[in-house]
Amino acid sequence: MTQPAKAPDGPDHAALIEAIAVRRDRAAFADLFAYFAPRVKAWMLRAGSGPTAAEELAQETMLAVWQKARLFDPARAGASTWIFTIARNLRIDSLRRERHPSDLMPDPLEEPAAPMQADHVLAMSQQEIRIRSALAVLPPEQADVIRKAFFEDKVHAEIEKELGIPLGTVKSRLRLAIGRLRSVLGDLG
Amino acid sequence: MIRHHPSETTLAAYAAGSLPSALSTVAALHLARCPVCRRSLATLEATGGAVLDELTPVPLSGDALSRLLDRVDEPAPAPPPILNPDLPAPLNRMVLGRWWPIGLGARYRPMRAGDGAWGGLVLAQPNRSLPRHGHAGLELTCILSGRFADGSGEYGPGDLSEPVVDHDRPPLVIGTEPCLCVIASEGMKLRGLLGLAQRTIGY
Ligand SMILES: [Zn+2]
């Protein structure tokens with residue numbers, strides 16, 4: 001397995017996804033797998049899945065990447081963002097299946113995204129690059145709150161407890177962080 | 001016009017996938033109508049992508065790729081069927097119970113969200129209160145039609161209510177139209193008529 005030469009920036013990954021969409025390109029898929037599958041597995045572990053579930057969910061995520069490649073729209077999401085949302089949705093789905101194995105449940109997160117106006121949006125792979133640099137220079141207490149939101153299966157009160165700061169402070173740090181990230185995207189609308 | 005939005009913590013939990021799906025469903029109904037929150041969500045999801053890039057990779061088993069390549073031509077799973085064509089997505093695909101009377105002319109239609117939080121549709125008559133469910137944890141309400149008012153202001157279609165404190169007054173339906181809204185809560189199991197209705201479909 002080889003690492004794509006220009007990871008982790010979006011354009012190459014977006015091109016790999018397009019190669020899968022257009023040509024069912026297995027070599028492109030292998031490159032994408034080498035980069036993303038171990039990261040998706042790492043995220044599943046950080047989000048609270050056990051090792052077996054994390055491995056399975058990483059594989060299911062990559063299978064969905066292959067199956068949904070035609071739906072990938074680089075104007076709407078960078079490759080990492082798109083794959084993150086697929087991984088996230090599969091994780092939600094697996095948690096629900098544990099409880100109601102026979103039910104087919106819709107994915108609340110799959111539907112609502114009325115398209116953003118493409119002319120107002122930077123190429124999303126550019127956005128990912130900017131977000132990464134912005135995260136790096138965010139005040140540590142803001143970056144901490146925003147990362148925590150992605151890493152642990154926690155909402156609200158639990159984040160409050162864990163960081164030992166009042167919920168109001170969690171919210172205001174998140175608000176500042178989101179505002180900062182939005183502004184680096186030149187996306188103040 | 002949308003005037004009431006979810007908090008940043010709720011949007012972040014939605015983006016991260018850590019919001020129970022009953023609550024996600026209510027948030028999704030708001031997001032479908034709120035470009036401001038969709039922008040924030042896009043930023044948060046891009047942050048999720050950046051977080052994924054930052055993580056230290058954890059290798060999969062050695063044959064994971066070849067086993068996956070054997071499966072790539074499997075057909076993609078079909079989306080769940082549309083069960084309630086009269087309701088907006090994602091409610092249209094949710095398993096819903098029937099309408100149950102819950103007093104004062106109000107009715108409740110439970111949904112099965114599947115991960116412990118509960119929720120459903122509430123229909124309440126003008127000048128009547130919406131049922132209160134005793135707050136423990138996060139509770140979200142999104143209006144589909146009609147209006148209500150509580151200590152924090154007036155709410156109309158698309159507005160999302162996320163009470164920060166227990167208001168001493170429950171929301172009151174204002175105007176001449178009945179108010180149809182979707183509620184969800186990660187609070188404790190329901191009591192009373194709402195609880196009976198919810199148990200017919202599960203949590
Ligand atoms: Zn909003």
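What you are looking at is a predicted structure, and each value in this text was computed from that prediction instead of being measured. Residue numbers begin at 1 in each chain, while the letters A, B, ... track the order of the sequences.
Ring planes of B:His4 and B:Tyr155: parallel class, angle under 30° (limits at 30 and 60°).
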Determine, stepwise, if the pair A:Arg88 / B:Glu45 fulfils salt bridge (Lys or Arg N to Asp or Glu O under 4.0 Å).
CA-CA 10 Å; A:Arg88 170 198 69 188; B:Glu45 287 178 338; 2.8 Å; yes

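At a heavy-atom cut-off of under 4.5 Å, chain B is reached by A:Glu55, A:Ala58 from residues 50-58 of chain A, listed in order of number.
Using a 4.5 Å cut-off between heavy atoms, A:Leu63 contacts chain B through both its backbone and its side chain. Contact annotation for B:Pro88: neither backbone nor side-chain heavy atoms come within less than 4.5 Å of a heavy atom of chain A. Heavy-atom distances place no part of B:Arg33 under 4.5 Å from chain A, backbone and side chain included. Both the backbone and the side chain of B:Ser61 come within less than 4.5 Å of a heavy atom of chain A.
B:Leu60 has its side chain within reach of A:Phe33: a pair of non-hydrogen atoms, C-beta onward, lies under 4.5 Å apart.
When atom types are taken as modelled, the side chain of B:Thr47 and the backbone of B:Thr43 share a donor-acceptor pair closer than 3.5 angstrom. With A:Trp66 contributing its side chain and B:Val72 its backbone, the two residues share a donor-acceptor pair below 3.5 Å.
With B:Trp100 as the aromatic partner, B:Arg98 meets the cation-pi criteria of under 6.0 angstrom to the ring centre and within 45 degrees of the ring axis. A cation-pi contact links A:Arg39 to A:Tyr35, judged by a cut-off of 6.0 Å to the six-membered ring centre and 45° from its axis.
Among the candidates B:Val26, B:Leu44, B:Leu23, the residue making the largest number of heavy-atom pairs closer than 4.5 Å to chain A is B:Leu44. Interface check for chain A: of the options B:Gly48, B:Pro35, B:Pro77, the most heavy-atom pairs under 4.5 Å are formed by B:Gly48. Of the listed residues (B:Ala64, B:Pro75, B:Ala12), the one with the most heavy-atom contacts under 4.5 Å to chain A is B:Ala64. Contact tally against chain B (heavy-atom pairs below 4.5 Å) for A:Trp82, A:Phe36, A:Phe29: the top residue is A:Phe29.
The salt bridge (charged side-chain N to carboxylate O under 4.0 Å, His left out) analysis of residues 72-85 of chain B, with sequence neighbours excluded, yields the pairs A:Arg26-B:Asp73, B:Arg71-B:Glu74.
The existence of a salt bridge linking B:Glu8 and A:Arg175 is confirmed by a sub-4.0 Å separation between a basic side-chain nitrogen and an acidic carboxylate oxygen.
In summary, the aromatic rings of A:Trp43 and A:Phe151 are positioned with their centroids too far apart to meet the 6.0 Å limit.
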